[in-house]
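Read the structure below first, then the notes.
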Amino acid sequence: MSRALFRNIAVDTARLIRRNAAASTDQYGKTGVAQSRPYFRSRQLLERAKETGVSPSPSLGFSSSSSPSRIGFVGWYLGMVKSHPVVTKSVTSSLIYIAADLSSQTIAKTSSESYDLVRTARMGGYGLFVLGPTLHYWFNFMSRLFPKQDLITTFKKMAMGQTIYGPIMTVIFFSLNASLQGERGSVILARLKRDLLPALFNGVMYWPLCDFITFRFFPVHLQPLVSNSFSYVWTIYMTYMANREKPVAIST
């Protein structure tokens with residue numbers, strides 16, 4: 001009788017084990033697999049969102065705090081520098097020249113005087129059509145000629161900027177601005193005789209440190225932007241020099 005009792009207990013135990021195993025298979029085998037697919041799909045969508053900078057959908061269970069931050073203005077600007085380098089750098093240079101000229105006029109004018117917007121337009125046009133494009137090609141030329149960014153190479157770039165690019169662009173700036181004001185021939189030469197050497201001397205005092213930082217620490221595609229940033233203060237001085245009174249006495 002005891003044997004029969006133990007046999008019945010063993011049979012019932014085996015039946016319960018099989019039943020529980022079948023139930024666990026239904027629970028984790030079917031629904032578990034079905035649930036794993038959206039999980040892996042969600043992970044793939046999250047990885048793609050991180051790569052593209054798009055926030056994951058809230059339906060996937062990810063909060064906005066876990067999404068990557070938006071690119072913002074800096075990312076957009078860097079993208080424009082890479083996709084449209086000349087246009088972007090030219091517009092940047094123009095905006096800096098406009099801001100610098102307005103600052104220069106604010107410093108020099110009296111409270112009763114109004115802003116000379118024609119003068120500001122000349123400065124903006126110079127930055128857009130002359131300085132911006134030439135800065136792009138000059139820095140690219142320097143990068144190809146001296147590809148390294150070590151200390152000696154940086155000093156070479158600085159020397160070429162102070163002896164070649166700087167003087168040429170200063171002459172162009174004074175001459176073009178005078179020409180747009182209606183000055184010709186001997187008057188322009190008189191301006192250069194009066195203003196060129198002081199401007200070059202002050203440039204030697206100001207630009208070497210700026211050029212050192214630009215060439216030493218920034219990649220070539222950002223160097224025009226850095227140089228334009230430094231040129232804001234310099235342009236305040238240059239727009240003042242370029243718009244001094246006509247040297248009538250010298251021209252005659």
Side-chain angles (χ1 to χ4, degrees), residues 89-136 138-139 142 157-183 187-218 222-251:
K89 295 169 188 178
S90 299
V91 172
T92 302
S93 179
S94 177
L95 294 175
I96 291 175
Y97 261 71
I98 289 173
D101 182 69
L102 292 175
S103 300
S104 177
Q105 292 190 50
T106 301
I107 295 172
K109 77 181 188 70
T110 61
S111 58
S112 61
E113 294 178 338
S114 60
Y115 287 96
D116 186 353
L117 298 182
V118 176
R119 163 183 159 174
T120 303
R122 288 199 306 270
M123 298 299 102
Y126 175 80
L128 180 65
F129 297 110
V130 180
L131 187 67
T134 57
L135 277 177
H136 169 77
W138 172 257
F139 283 116
M142 286 290 96
K157 294 176 181 178
M158 291 169 55
M160 292 194 67
Q162 291 300 313
T163 58
I164 299 176
Y165 183 80
I168 291 175
M169 296 307 299
T170 303
V171 170
I172 292 175
F173 176 72
F174 282 136
S175 301
L176 182 60
N177 183 70
S179 177
L180 291 175
Q181 293 182 79
E183 299 176 8
V187 180
I188 296 178
L189 292 176
R191 274 193 181 274
L192 293 175
K193 184 178 180 179
R194 184 189 67 183
D195 299 335
L196 181 60
L197 288 180
L200 292 177
F201 176 78
N202 290 325
V204 171
M205 302 297 292
Y206 178 78
W207 277 108
L209 179 61
C210 302
D211 288 342
F212 179 82
I213 296 173
T214 302
F215 287 121
R216 188 78 170 88
F217 300 110
F218 289 91
L222 291 181
Q223 287 173 359
L225 173 62
V226 178
S227 180
N228 275 324
S229 301
F230 285 126
S231 72
Y232 171 76
V233 176
W234 175 251
T235 304
I236 294 176
Y237 165 75
M238 288 294 289
T239 55
Y240 162 75
M241 292 290 290
N243 291 279
R244 294 172 67 188
E245 294 182 0
K246 184 188 301 185
V248 179
I250 302 176
S251 64

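- A donor and an acceptor atom, one from each side chain of Asn228 and Thr92, are nowhere located under 3.5 Å apart.
- The two residues Glu183 and Ile188 come nearest to each other via the heavy atoms O-CD1, 3.5 Å.
- Not counting sequence neighbours, Arg122 has no partner by the salt bridge (charged side-chain N to carboxylate O under 4.0 Å, His left out) test.
- Residues satisfying the side-chain contact (heavy atoms from CB on, under 4.5 Å) criterion with Thr235, sequence neighbours excluded, are Tyr97, Ala100, Ser231, Thr239.
- Summarising the geometry of Tyr237 relative to Asn202, their closest heavy-atom pair is OH-ND2, 2.7 Å, with the distance given to 0.1 Å.
- Minimum interatomic distance between Gly124 and Ile98 (heavy atoms only, all atoms of both residues): CA-CG1, 3.7 Å.
- The ring pair (Phe, Tyr, Trp, His ring centres under 6.0 Å) search around Phe230 returns none, not counting sequence neighbours.
- The distance from atom CZ of Phe139 to atom OH of Tyr165, rounded to the nearest 0.5 Å, is 7.0 Å.
- Take Phe129 and apply the ring pair (Phe, Tyr, Trp, His ring centres under 6.0 Å) test, not counting sequence neighbours, and it matches no residue.
- A donor-acceptor pair under 3.5 Å is formed between the side chain of Thr170 and the backbone N or O of Gly166.
- No donor-acceptor distance shorter than 3.5 angstrom exists from the side chain of Arg191 to the backbone of Leu196, with no hydrogens or angles considered.
- Nearest heavy atom pair, residue Thr214 against residue Ser227, reads OG1-N, 4.3 Å.
- With sequence neighbours left out, Tyr115 forms a side-chain hydrogen bond (donor to acceptor under 3.5 Å, both in side chains) with Thr106.
- A search for side-chain contact (heavy atoms from CB on, under 4.5 Å) contacts involving Pro208 returns Met158, Gln162, not counting sequence neighbours.
- Under the rule for a side-chain contact (heavy atoms from CB on, under 4.5 Å), the partners of Ile164 that lie at least two apart in sequence or sit in another chain are Trp138, Met160, Ile168.
- Note that the CG atom of Leu128 and the OG atom of Ser93 stand 8.0 Å from one another [nearest 0.5 Å].
- Not a single ring pair (Phe, Tyr, Trp, His ring centres under 6.0 Å) links Phe174 to another residue, sequence neighbours left out.
- Applying the salt bridge (Lys or Arg N to Asp or Glu O under 4.0 Å) test to residues at least two apart or on different chains, none of the pairs has a partner in residues 157-173.
- Scanning for side-chain hydrogen bond (donor to acceptor under 3.5 Å, both in side chains) contacts around Lys89 gives His136, with sequence neighbours left out.
- Contacts classified as salt bridge (Lys or Arg N to Asp or Glu O under 4.0 Å) and involving residues 196-214 (residues at least two apart or in different chains) are not found.
- Atom CG of Leu102 and atom CG of Asp116 lie 10.0 Å apart (nearest 0.5 Å).
- Ring-plane geometry between Phe173 and Tyr126 is classed as perpendicular, the angle between the planes exceeding 60 degrees on a 0 to 90 degree scale with a lower cut at 30.
- Smallest separation of non-hydrogen atoms from Pro167 and Gly161: CD-O, 4.0 Å.
- For the side-chain hydrogen bond (donor to acceptor under 3.5 Å, both in side chains) test, residues two or more places apart in sequence or in another chain that qualify with Tyr232 are Ser103.
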